[in-house]
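Residue indices begin at 1 and follow the sequence shown. Quick caveat, the model's predicted, so the values are computed rather than measured.
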Amino acid sequence: MIQIPAQASVFVMHESADFRKGIDGMAALARVVMQQEPMSGAFFVYRNCGRHMLRILYYDGGGFWLCTRRLSKGRFVNWPSGDGTQQCSTLLARELQVLIWGGDPSSCAFPALWKKVA
């Protein structure tokens, strides 16, 4: 199981992706569509057109992970969407956890982020 650190960068693609693509195809989507470097250590999240599967691409410094989650019931109906000008948006790690379980990250009441002062 991949641990998602609290400070991880998470990029979610708004449109559906072709899940016939493997690691190289998903990395190309990160580069071309999301305009991000796939080897940066960020988590790249995609969904299929049926909205019942998601994939996460992650580079851990030694190689790529391509994880798939398929819901046995229901769909990922609360997928983040942009204003039409962006191809992807960012999430916090805790919002990604909610999304993975089929929830709506925008409707969750999270406590404020803690930052050490001085």
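- Side chain of Asn48 to backbone of His52: a donor-acceptor contact under 3.5 angstrom is found.
- Here the closest non-hydrogen pair linking Pro105 and Leu99 is CG-CB, 4.1 Å.
- Rounding to the nearest 0.5 Å gives a distance of 13.0 Å between CE of Met13 and CG of Leu54.
- When every heavy atom of Val45 is checked against every heavy atom of Met34, the shortest pair comes out as O-CE, 3.9 Å.
- Within the model, atoms CG of Leu92 and CD of Gln97 stand 12.0 Å from one another, a figure rounded to the nearest 0.5 Å.
- A donor-acceptor pair is defined here as one N or O able to donate and one able to accept, closer than 3.5 Å; no such pair exists between the side chain of Arg75 and the backbone of Arg51.
- Taking all atoms of both residues into account, the shortest heavy-atom contact from Leu29 to Ala17 is CD1-CB, 3.8 Å.
- Checking Phe64, Phe11, Tyr59 one by one against Pro38, the side-chain contact (heavy atoms from CB on, under 4.5 Å) holds for a single residue, Phe64.
- Distance alone, capped at 3.5 Å, places no donor-acceptor pair between the Tyr58 side chain and the Phe44 backbone.
- Under the 4.5 Å side-chain heavy-atom criterion for grouping Ile, Leu, Val, Met, Phe, Trp and Tyr, Leu71 is connected to Trp101 within one hydrophobic cluster.
- Note that the CG atom of Asp104 and the CH2 atom of Trp79 stand 12.0 Å from one another [nearest 0.5 Å].
- Scanning both residues, Leu57 and Ile23, for their nearest heavy atoms gives CD1-CG2, 4.1 Å.
- Here OH of Tyr46 is found 12.0 Å from OG1 of Thr68. Values are rounded to the nearest 0.5 Å.
- The side chain to side chain donor-acceptor pair (under 3.5 Å) contacts involving residues 5-23 comprise His14-Ser89, Asp18-Arg20, where partners must be two or more places apart or lie in separate chains.
- Atom CG of Leu91 and atom CD1 of Ile4 lie 10.5 Å apart (nearest 0.5 Å).
- When every heavy atom of Phe19 is checked against every heavy atom of Arg55, the shortest pair comes out as O-NH1, 3.1 Å.
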